[in-house]
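Okay, so here's the structure we're looking at.
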2 protein chains.
Amino acid sequence: MPEPAKHPAPDTGKPDKKKRAPRRPRWKQNPDAVQRDILINAISEFADRGLSGARVDAIAARTQTSKRMIYYYFGDKNGLYARALEAAYAEVRKGEEGLNLDHLPAAEALAKLAEFTFDHHRANPDFIRMVMIENIHNAEFVGASDMIRALNGAAIDQLTEICRRGAQDGSLRADLDPMQLHWQISAFSFFNVSNRPTFSALFGAALFTPETQVALRDDLVRMLVEAARRPAGTDGTGGK
Amino acid sequence: MPEPAKHPAPDTGKPDKKKRAPRRPRWKQNPDAVQRDILINAISEFADRGLSGARVDAIAARTQTSKRMIYYYFGDKNGLYARALEAAYAEVRKGEEGLNLDHLPAAEALAKLAEFTFDHHRANPDFIRMVMIENIHNAEFVGASDMIRALNGAAIDQLTEICRRGAQDGSLRADLDPMQLHWQISAFSFFNVSNRPTFSALFGAALFTPETQVALRDDLVRMLVEAARRPAGTDGTGGK
DNA sequence: GTCTTTTTGTACCATTTGGTTAATTTGGTC
DNA sequence: GACCAAATTAACCAAATGGTACAAAAAGAC
């Protein structure tokens, strides 16, 4: 990770306050690193304070660069937010790549996907908060991003494939709706992170200890997979 | 609902712009109605735009009264927000009163409670959005309100009672945790409203037609109640 | 009625905040 | 090494915004 280029030397010449010869410190160009620096810190600030609550000056202060550069590269606050949102999606997406479900029996693939989603959401609270903020703003920016739509389309495709295999070999109900499944998995996994503050404030932190979280997750996955199997004990495939 | 008291007559005297004798229109005092007017519109504005995004001037413009009165009654923006949050909780709470679960078998009571929660959340999007905003702000204000804590304690008590009865007559598993049940019911019901914007933007509105919502709800309630029953088909109580 | 307290409207202010102007340096090219 | 576009810094600005000062009008006490 290349440093965002700053302060190579505090300027050897005298300060010289006069308008002539302001004698600024030397610096190196590094547009990519500067933009990444800005985006990373923008995500933090937006996730912390929301779109309206975030301050451009605060983002600038977090970075190694200046406010002017934010406007130089991203136009305005909303432009920065839109790019930060996409960056957050992309970042989270990277973490999903390792998951390989194709070789697993459908029911197990479903269980593994749900389990992974729960853990992954939990590990990326800033991303969750960005999505919360988007929802407060009626998904104005998510809707405008082709990239984000493509990313989520892939998630549905994954589930569609699982459903197809499950229906084919009879391990899962044939009338499952991939979108509804996605909705259910997301609901648990998302809520667990998004509403942790109010839930903790009202009922204490008991549900959020590592052990309880695992128990909660496993209960939910079991419940979900059970519901996705054939109605009664018709079959038995997929039982580990 | 008493009108918030305003403009009973547009002032009979001449306008008279001079500093002397401004000659304002007559008005009647109605502190309660004015405060309610402010709170209702504050909830709308905060729910629409978030705590930082909401503008005190915009709230004032929504009311029949003036910005000055907001500060007179609520001190500052945060004070108004805190009161609006409490008012939103209280308002939603009122809608929960009719629910009478004590005379139902435990499993049915659980089903009815879950079903009701789903519908009730769906019918109160502004309340959900206030809670979302609170979560963005780390539940700072929820945590500070005894009233809100009390309200939610009651929700847990309700579930505790159901669990007790269910364990006693064997219709529900004995190891159920009321708080976890509350978490599960809330997760579905809350997410369904809170994340509707992004979900719609990404996957279309199919999941949010009235019919699909009912189907979604019933699936979830069935799933949840099924998981809360005794492990296998041990018993059979509660089957309608 | 008169005096005090509460409630309301108008105009205003200080600060914050998103955004900009203009100068300066870098790094490459001819 | 002169020249130029892209990158960067520093200082600045106008508008928006939370909050107030002040005076006037109704209500309430006596």
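A, B, ... follow the sequence lines: proteins, then strands. Residue 1 opens every chain.
- Under the 30°/60° scheme for interplanar angles, the aromatic rings of B:Phe118 and A:Trp183 are found to be tilted.
- Residue pairs satisfying the ring-ring contact (aromatic ring centres under 6.0 Å, His included) criterion with at least one member in residues 60-79 of chain B, sequence neighbours excluded, are absent.
- Taking every heavy atom of residues 67-75 of chain B and every atom of DNA chain D, pairs under 4.0 Å involve B:Lys67, B:Arg68, B:Tyr71, by number.
- Atom pair B:Tyr81:OH and D:dG19:C1' shows a separation of 20 Å (rounding to whole Å applied).
- Protein atom NZ of B:Lys77 is 16 Å distant from nucleotide atom P of D:dA16, rounded to whole Å.
- Checked against side-chain contact (heavy atoms from CB on, under 4.5 Å), B:Ala58 has the following partners two or more places apart in sequence or in another chain: B:Glu45, B:Arg55.
- For A:Ala144, the side-chain contact (heavy atoms from CB on, under 4.5 Å) criterion is met by no residue, not counting sequence neighbours.
- Taking B:Asp146 as the reference, B:Arg149 meet the side-chain contact (heavy atoms from CB on, under 4.5 Å) condition, with sequence neighbours excluded.
- Consecutive pairing runs in DNA chain D reach the stem threshold at C:1-30 with D:1-30, where a stem means at least three Watson-Crick or G-U wobble pairs with distances under 3.5 Å.
- At whole-Å resolution of the value, CD1 in A:Ile59 and P in C:dG19 are 11 Å apart.
- A:Gln64 has its CD atom 17 Å from the C1' atom of D:dA7, to the nearest Å.
- Residues satisfying the salt bridge (charged side-chain N to carboxylate O under 4.0 Å, His left out) criterion with B:Glu115, sequence neighbours excluded, are B:Arg217.
- Not counting sequence neighbours, the partners of A:Ala42 by the side-chain contact (heavy atoms from CB on, under 4.5 Å) test are A:Phe46, A:Ile59, A:Leu80, A:Ala84.
- Taking the salt bridge (charged side-chain N to carboxylate O under 4.0 Å, His left out) definition, one finds that A:Glu96 meets it with A:Arg93, sequence neighbours left out.
- Sequence neighbours left out, the pairs with a member in residues 67-80 of chain A that pass salt bridge (charged side-chain N to carboxylate O under 4.0 Å, His left out) are A:Asp57-A:Lys67.
- Checking D:dG18, C:dG19, C:dT8 against every side-chain atom of B:Asp57, the shortest atom distance belongs to D:dG18.
- Checking A:Gln213 against A:Asn192 by side-chain atom types alone, a donor-acceptor pair falls below 3.5 Å.
- Nucleic acid contact for A:Ala54: sugar-phosphate only, since backbone atoms but no base atoms lie under 4.0 Å from a heavy atom of the residue.
- For residues 125-139 of chain B, the set of pairs meeting the salt bridge (charged side-chain N to carboxylate O under 4.0 Å, His left out) definition, not counting sequence neighbours, is empty.
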For nucleotides 14-16 of chain C, tabulate all protein N/O to nucleotide N/O atom pairs closer than 3.5 Å, reporting atom names and distance.
none

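- Under 4.0 angstrom from either OP1 or OP2 of D:dA7 there lies no side-chain N or O belonging to A:Ser66.
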